[in-house]
Amino acid sequence: MSRALQLAARGLYTTTPNPRVGCVLAKDGVVIGEGWHESAGEPHAEINALAKVGAGGTAQGATVYVTLEPCSHHGRTPPCADALITAGVARVVAALADPNPLVAGQGLARLAAAGIAVASGLLETEAHELNIGFVSRMTRGRPWLRLKVAMSLDGRTALNNGVSQWITGPDARTDAHAWRARSCAVLTGSGTVRDDDPRFTVREIDTPRQPRPVVVDSRLETPLTAKLLAGGPLIFAARHDAEKINALATRGAEVIALPNSAGKVDLAAMLLELGRRGFNEVLVEAGARLNASLLREGLVDELLIYQAPVLLGDKARGMADLPELVELSAARRLTITDRRMVGVDQRILARLI
């Protein structure tokens with residue numbers, strides 16, 4: 001199963017909106033075939049593994065180790081459960097039950113009904129982490145939201161004049177591009193677009209696809225010269241201004257009006273719309289105001305923090321414009337799930353409790 005997870009990770013940047021899945025076939029203590037799902041619309045991991053069984057070989061009586069429950073429904077491809085039954089495998093071990101309501105245990109049930117021994121839960125945590133965005137979309141209807149921040153040791157993200165390039169070192173920036181590459185979208189605010197004119201493309205590592213830019217822009221202030229318009233962004237607005245919407249559309253943007261009662265973008269509804277469009281993981285690279293809004297509304301699932309060994313002082317800008325607390329009991333608590341050095345900087349992964 002560990003090998004199957006390694007194979008699944010090869011689809012880290014390519015399988016959206018599908019999950020990342022790997023499969024290993026073993027027989028008489030020998031691996032006879034292995035494969036992984038490479039991209040949506042192409043064969044699933046089980047089919048690729050069956051195809052790799054050597055000439056003259058057979059999967060009859062083999063054990064299948066797969067990181068996600070075999071599908072039981074017709075999507076872009078036929079059910080993998082049926083293919084395994086036809087191949088005559090003797091046992092199927094799945095790491096993770098499929099959270100897709102179209103499957104949800106039916107794949108294993110179909111296999112068991114055909115007389116195949118089934119089991120699940122082996123290295124389940126690792127399989128869940130690999131597909132945390134897919135699980136989020138299937139169970140909550142919205143993507144996994146990861147908020148990325150580069151900060152100083154005293155928690156500052158930019159000087160008071162807005163200068164922030166570069167707080168962290170080159171190794172941290174390359175690592176951040178890997179997280180950007182695995183994300184379906186990069187979410188930012190119109191202020192960041194206006195002030196920094198970012199592209200939000202993956203440049204430091206090789207990737208076959210780019211994340212889609214998503215902009216929260218209540219008043220439709222995104223400049224028509226913005227570089228990220230080349231990426232065909234989704235722009236969420238709080239008003240319907242036909243002239244501005246048409247102008248942005250001619251530059252490749254798609255504008256969606258989702259106002260809340262306060263005249264701002266309804267952020268929760270925005271995430272549901274991204275989920276409906278098949279976005280599994282979204283990386284937030286924004287300023288303190290949007291960061292704060294997402295945190296206040298309980299929409300941030302995980303913080304990705306790069307902390308540099310520098311001090312910027314109290315006058316420098318913080319990561320989120322959150323209100324002052326008067327009691328420590330009101331502080332937001334987090335669980336640190338990973339901490340490591342990336343070059344000279346520290347990288348912290350933390351989840352909101």
Side-chain angles (χ1 to χ4, degrees), residues 16 133 137 142-150 157-158 162 164-165 176-177 179-203 209-260 262-297 299-301 304 317 319-321:
T16 300
R137 185 166 63 86
R142 68 176 182 86
W144 182 261
L145 197 70
R146 185 178 288 120
L147 194 157
K148 175 246 176 182
V149 180
T157 60
S164 61
Q165 294 182 339
H177 273 246
W179 288 94
R180 187 183 285 180
R182 69 175 284 168
S183 303
C184 306
V186 176
L187 175 65
T188 195
S190 58
T192 298
V193 176
R194 183 184 61 248
D195 296 340
D196 299 340
D197 196 19
R199 287 178 288 170
F200 288 132
T201 53
V202 179
R203 301 179 299 279
R209 66 143 173 90
Q210 292 289 342
R212 190 169 187 182
V214 177
V215 183
V216 176
D217 185 3
S218 294
R219 296 187 292 271
L220 290 172
E221 296 175 328
T222 298
L224 295 178
T225 57
K227 292 175 183 175
L228 59 67
L229 289 173
L234 287 173
I235 298 179
F236 287 89
R239 62 175 62 177
H240 187 87
D241 185 319
E243 183 178 349
K244 289 185 176 180
I245 290 174
N246 289 336
L248 288 166
T250 61
R251 298 300 311 277
E254 179 182 354
V255 179
I256 302 170
L258 276 180
N260 61 17
K264 302 290 186 181
V265 172
D266 187 328
L267 298 176
M270 176 189 70
L271 290 185
L272 290 174
E273 175 62 19
L274 294 179
R276 189 185 69 78
R277 290 169 177 256
F279 290 72
N280 291 333
E281 297 182 24
V282 173
L283 184 68
V284 180
E285 299 193 38
R289 286 194 297 175
L290 181 54
N291 288 349
S293 296
L294 292 166
L295 286 165
R296 278 198 309 270
E297 295 191 31
L299 300 175
V300 176
D301 296 306
L304 170 63
R317 299 181 184 182
M319 65 170 283
D321 289 338

Would you confirm whether [X], through its side chain, and [Y], through its main-chain N or O, come within 3.5 Å as a donor-acceptor pair?
X: T188; Y: E285; result: yes
X: R289; Y: D321; result: no
X: Q210; Y: V202; result: yes
X: D301; Y: R146; result: no
X: D197; Y: K227; result: yes
X: D196; Y: P198; result: no

Can you tell me if S183 and R180 form a side-chain donor-acceptor pair at under 3.5 Å?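 Distance-only check fails for S183 and R180.
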Among T222, L187, L220, side-chain contact (heavy atoms from CB on, under 4.5 Å) partner for V215: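 Exactly one option meets the side-chain contact (heavy atoms from CB on, under 4.5 Å) with V215, and it is T222.
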From I235, L234, N246, residue fulfilling side-chain contact (heavy atoms from CB on, under 4.5 Å) relative to V255: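 That would be I235; it is the only one of I235, L234, N246 passing the side-chain contact (heavy atoms from CB on, under 4.5 Å) with V255.
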At their closest point, which heavy atom of [X] faces which heavy atom of [Y], and how far apart are they?
X: T250; Y: A247; answer: OG1-O, 2.5 Å
X: F200; Y: T192; answer: CZ-CG2, 4.3 Å
X: G133; Y: W144; answer: CA-CB, 3.8 Å
X: R219; Y: K264; answer: NH1-NZ, 4.1 Å
X: A238; Y: G263; answer: CB-O, 3.3 Å
X: R212; Y: G231; answer: CG-O, 4.3 Å

Measure the [atom1]-[atom2] distance between [X] and [Y] for me, rounded to the nearest 0.5 Å.
X: L295; Y: L145; atom1: CG; atom2: CG; value: 9.0 Å
X: I256; Y: M270; atom1: CD1; atom2: CE; value: 10.0 Å
X: L248; Y: E254; atom1: CG; atom2: CD; value: 12.0 Å
X: E273; Y: L258; atom1: CD; atom2: CG; value: 6.5 Å
X: N280; Y: L274; atom1: CG; atom2: CG; value: 11.0 Å

Quick one: are [X] and [Y] in side-chain contact, heavy atoms under 4.5 Å?
X: P213; Y: V186; answer: no
X: V284; Y: L294; answer: yes
X: L304; Y: L283; answer: yes

Counting only heavy atoms not in R209, do more than 12 sit closer than 6.0 Å to its CZ atom?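 Atom CZ in R209 is packed in, count exceeds 12.
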